[in-house]
Amino acid sequence: MSNTLSFVRTEMLPQKTPPASSVGLQGWLRENLFSSVGNSILTLLTLGFLALILSNILPWVLFGIWDAGSLTECRAMFAERYADGREYACWAVVTDRWDQLIFGYSFGNLHEGLYWRPIVGLALILLALSPILYPNLPRGLYIATAASIFLYPWLIWGGSIWGPLTLALCIIAAVFAYRAVAKEVSSLIAIPASLLVLGVLVFFAMSPVSSGLNAVAPIELQPVPSREISGFVLSITIGIVAIVASLPIAVFLALGRQSNLFIVNKLSTGFIEIIRGVPLITLIFVATILLKYFLPSSVNLDPVVAVMVLVTLFTAAYIAEVIRGGLAALPKGQYEAADALGLTYWQAQRQIILPQALKISIPGIVSNFISVFKDTTLVSIVALNDPLGISNAIRSNSDWNGIVWELYGFIAIVFWIFCFSMSRYSMSLERKLQTGHR
């Protein structure tokens, strides 16, 4: 019979350093770029393609001219500085006309010294959105959110401040009317009742009240006609209005399309299908050109406001379908749980259904927001000078006739900054809410 000898170690072995090929930069390259023969070949081909592209683009960008008065001067400086006979980027057009591209003609050439108005307006919008995008901020900032709705148009269009303030009072009166009717009768009747109150106050009381207040205490900014609002100020204004206003409309449209009420369901479905079936460029054309032929001659249709309304409705129709997808993704048990708790329809939607559906729909909603912000460039077809329209006007000048890529590159970079910021916020919000599968 053999003897068995056992040994139990009483001390831990010292930890060994991991192989150099599995940590640090070398480990990352091996894991992500050279993990197999096929991956290595694809990496080398990609690097070769990028080197070929960048070897032609980077010199054109980095060796460009920033200080010149015209494209002719740029070319003369290229011939003087470089002996290869190549032409590089003439960034001088950006340094010379950046104010027109950003502020347009309205706050620059036509109205000197008004740059502060869109800058303050954009700062006010960012301050207003901060408590919505980051709920941990003080709730007192919601005052700025409410104020920006009325102060931003005043800063952009100018005129008397009493017009926006009177409109705010009309909306407050409509909200009180809604609460009173909802408390005494029902919320279903309170909605049309509050809209009726708002319409009566706006059409019959707003103008005389604001005129009277302005006569007593005139507080005005220099008016800027809508046709003169241009550049990125125009694109940002249309984009902000469409993004902010389309989401609540889309929520009601999505709920309406899932409603058991026949009329509400068919109206919501018909609106969504009609709007989604027509290109945005057609709607913009109808809003600014054709619609005035069907309205009374006394009605002065503001082209920028008409575009804002149509772009908002167009965006709402698409987002409504995204939200409806989120509602359809929820299991039936969530609705049954809300019924078991004895919640009303709106309580269940506000506290249980919509928070989950919107969380699921975040990527699709932000994707539509990015798309509509880029689509604001379509307004150039109706003679509104967005950044592309401004670039065409700049290139028509004899000093910069023939320059293309520098202007388009600057416009693309500014659009990319806004769109990339929205994309990154969407990703951070998804991580915070743990959207999707982990």
Side-chain angles (χ1 to χ4, degrees), residues 149 153 188 191-192 194-195 198-199 226 234-295 299 301-329 349 353-354 357-358 360-384 386 388 415 418-419 422-423 426:
I149 299 175
L188 188 62
I191 295 176
S194 60
L195 292 177
L198 179 61
S226 289
L234 177 63
S235 295
I236 292 172
T237 300
I238 296 175
I240 288 175
V241 171
I243 289 172
V244 173
S246 63
L247 186 57
I249 298 174
V251 170
F252 284 106
L253 287 173
L255 295 177
R257 188 159 190 175
Q258 286 200 328
S259 175
N260 294 324
L261 299 175
F262 180 82
I263 296 179
V264 173
N265 180 283
K266 297 308 176 184
L267 287 176
S268 301
T269 302
F271 176 85
I272 292 172
E273 295 300 333
I274 291 173
I275 294 295
R276 290 202 309 158
V278 180
L280 177 58
I281 192 171
T282 304
L283 294 176
I284 293 175
F285 183 78
V286 170
T288 56
I289 304 235
L290 298 181
L291 192 59
K292 63 182 180 181
Y293 294 108
F294 299 95
L295 296 175
V299 177
L301 187 64
D302 190 297
V304 175
V305 174
V307 168
M308 286 179 182
V309 172
L310 264 296
V311 173
T312 299
L313 296 179
F314 182 85
T315 309
Y318 276 85
I319 296 179
E321 287 298 279
V322 176
I323 296 175
R324 189 170 69 92
L327 292 171
Q349 295 295 336
I353 306 302
L354 281 178
L358 292 176
I360 296 172
S361 307
I362 286 174
I365 292 174
V366 176
S367 177
N368 278 276
F369 285 164
I370 292 174
S371 177
V372 73
F373 181 67
K374 293 186 296 183
D375 286 344
T376 56
T377 55
L378 294 176
V379 300
S380 59
I381 67 166
V382 289
L384 293 177
D386 69 310
L388 293 181
F415 269 106
F418 281 96
C419 295
M422 287 189 280
S423 175
S426 170

Exercise. Go through Asp375 and Val311 one step at a time and tell me if the side-chain contact (heavy atoms from CB on, under 4.5 Å) criterion holds.
Key: CA-CA 9 Å; Asp375 286 344; Val311 173; over 6 Å; no

As an exercise, state the distance from [atom1] of [X] to [atom2] of [Y], rounded to the nearest 0.5 Å.
{"X": "Ser235", "Y": "Phe418", "atom1": "OG", "atom2": "CZ", "result": "9.5 Å"}
{"X": "Leu253", "Y": "Ser259", "atom1": "CG", "atom2": "OG", "result": "12.0 Å"}
{"X": "Leu354", "Y": "Ile323", "atom1": "CG", "atom2": "CD1", "result": "7.5 Å"}
{"X": "Glu273", "Y": "Glu321", "atom1": "CD", "atom2": "CD", "result": "6.0 Å"}
{"X": "Ile319", "Y": "Ile272", "atom1": "CD1", "atom2": "CD1", "result": "11.5 Å"}
{"X": "Ile365", "Y": "Thr315", "atom1": "CD1", "atom2": "OG1", "result": "12.0 Å"}

Self-check item: Residue pair Leu280 / Ile284, side-chain heavy-atom distance below 4.5 Å
Solution: yes

Quiz item: Does Val322 offer a backbone N or O that forms a donor-acceptor pair with the side chain of Ser361 under 3.5 Å?
Solution: yes

List the atom of [X], the atom of [Y], and the distance in Å for their closest heavy-atom pair.
{"X": "Cys419", "Y": "Lys374", "answer": "SG-CG, 3.8 Å"}
{"X": "Ala320", "Y": "Ala254", "answer": "O-CB, 3.4 Å"}
{"X": "Ala328", "Y": "Gln258", "answer": "N-NE2, 4.2 Å"}

Quiz item: So which of Val264, Ile353, Leu327 actually passes side chain to side chain contact (heavy atoms under 4.5 Å, CB included) with Leu255?
Solution: Leu327

Listed pairs under 3.5 Å, donor-acceptor, residues 236-247 side chains, sequence neighbours left out:
from: Thr237; atom 1: OG1; to: Tyr152; atom 2: OH; distance (Å): 2.8
from: Thr237; atom 1: OG1; to: Val233; atom 2: O; distance (Å): 2.6
from: Ser246; atom 1: OG; to: Ala242; atom 2: O; distance (Å): 2.6
from: Ser246; atom 1: OG; to: Ile243; atom 2: O; distance (Å): 3.4

Practice problem: For this output row, return yes or no: ring centroids of Phe314 and Tyr318 closer than 6.0 angstrom. | Solution: yes

Quiz item: Is atom CZ of Phe252 surrounded by more than 12 heavy atoms (other residues, nucleotides or ligands) closer than 6.0 Å?
Solution: no

